[in-house]
Amino acid sequence: MGFFSDFKASLMKGDVLSLATAVVIGGAFGKIVGSAVDDVIMPIVGLITGGIDFTQKFITLDGNSYETLAAAKTAGAAVITYGNLVQAIINFVIIAFFIFVILRAAEKARKKEEVAPAAPAGPTQEELLTQIRDLLKK
């Protein structure tokens, strides 16, 4: 087989198509989770913390004091934006919890499907042969 034939065959394997589908669905799911965090949960966190915007928390390394992060950056000061790290940690914890809740619900739904009663088993081959033998004796 030629190079392109091998390449086409590898792309058409079920694993690659499943992976591509998972990536697309994962991207869409990421947008849903991101929207839930940014638009629903973070306003509640902001209300609980008194409206603190963690992304505006910073330390300047030049020793000067600036009112806002934008002012410090405009002045060309070197800054440590520790607020971004705090915000990223909060986002991670919220997203991890959100995914945990969804996976837990999916697992419970899967367990309910597995618990479905099995169809009653018919007689075994030995039981059938025994019944035939008994009928022949009669």
Side-chain angles (χ1 to χ4, degrees):
M1 292 178 99
F3 176 79
F4 290 108
S5 299
D6 290 342
F7 182 67
K8 180 181 175 185
S10 70
L11 284 180
M12 292 301 145
K13 287 183 181 176
D15 295 341
V16 174
L17 294 175
S18 296
L19 179 62
T21 303
V23 168
V24 170
I25 290 175
F29 183 72
K31 288 182 181 182
I32 292 169
V33 171
S35 175
V37 169
D38 294 338
D39 301 332
V40 177
I41 297 172
M42 284 311 292
I44 295 169
V45 170
L47 182 66
I48 291 170
T49 60
I52 296 173
D53 183 9
F54 290 107
T55 60
Q56 294 301 313
K57 300 294 181 185
F58 63 96
I59 298 172
T60 58
L61 298 177
D62 64 359
N64 295 329
S65 179
Y66 300 95
E67 280 192 39
T68 64
L69 178 60
K73 287 187 176 183
T74 301
V79 293
I80 296 175
T81 53
Y82 70 90
N84 288 338
L85 176 63
V86 171
Q87 184 72 36
I89 291 169
I90 291 171
N91 284 351
F92 173 77
V93 170
I94 292 169
I95 289 169
F97 178 74
F98 191 80
I99 291 172
F100 169 75
V101 169
I102 290 174
L103 290 176
R104 188 171 181 201
E107 189 65 30
K108 283 186 177 182
R110 188 176 304 143
K111 284 182 181 178
K112 285 183 182 179
E113 290 175 4
E114 290 175 1
V115 173
T124 64
Q125 185 176 1
E126 289 81 17
E127 292 172 342
L128 288 174
L129 289 172
T130 304
Q131 289 175 2
I132 293 171
R133 183 197 64 201
D134 294 342
L135 287 173
L136 288 174
K137 282 184 181 179
K138 290 182 183 181

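The first residue in the sequence is number 1, and the count goes up from there.
To the nearest 0.5 angstrom, I95 atom CD1 is 7.5 Å from D38 atom CG. Distance check, rounded to the nearest 0.5 Å: CD of Q131 to CG of L135 gives 7.5 Å. With rounding to the nearest 0.5 Å, the separation of OG1 in T74 from CG in L69 is 9.0 Å. We find the CD-OG1 distance between Q56 and T81 to be 10.0 Å, quoted to the nearest 0.5 Å.
In terms of heavy atoms, T68 sits closest to A71 at OG1-N, 3.1 Å. Minimum heavy-atom separation, Y82 to F58: CE2-N, 3.5 Å. Annotation for L61 and I80: closest pair CD2-CD1, 3.7 Å, computed over non-hydrogen atoms. Heavy atoms only, all atoms of each residue included: V79 and A72 are closest at CG1-CB, 3.8 Å. Of all heavy-atom pairs spanning N64 and D62, the tightest one is N-OD1, 3.0 Å.
Looking at T130, its side chain does come within 3.5 Å of a backbone N or O of E126 through a donor-acceptor pair.
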Item to check | Derivation and outcome, side chain to side chain contact (heavy atoms under 4.5 Å, CB included), residues F29 and I102 | outcome: CA-CA 11 Å; F29 183 72; I102 290 174; 3.6 Å; yes
Next on the checklist: Pair Q125, L128 - check side chain to side chain contact (heavy atoms under 4.5 Å, CB included), show working.
Outcome noted: CA-CA 5 Å; Q125 185 176 1; L128 288 174; 5.7 Å; no
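In summary, R110 and E107 engage in a salt bridge, as defined by a charged side-chain N under 4.0 Å from a carboxylate O.
Residue I41 is grouped with residue V86 when hydrophobic side chains (ILVMFWY) are merged at heavy-atom distances under 4.5 angstrom, including chains of intermediate members. Residues I52 and I90 fall within the same hydrophobic cluster, defined by Ile, Leu, Val, Met, Phe, Trp and Tyr side chains chained together at heavy-atom separations under 4.5 Å.
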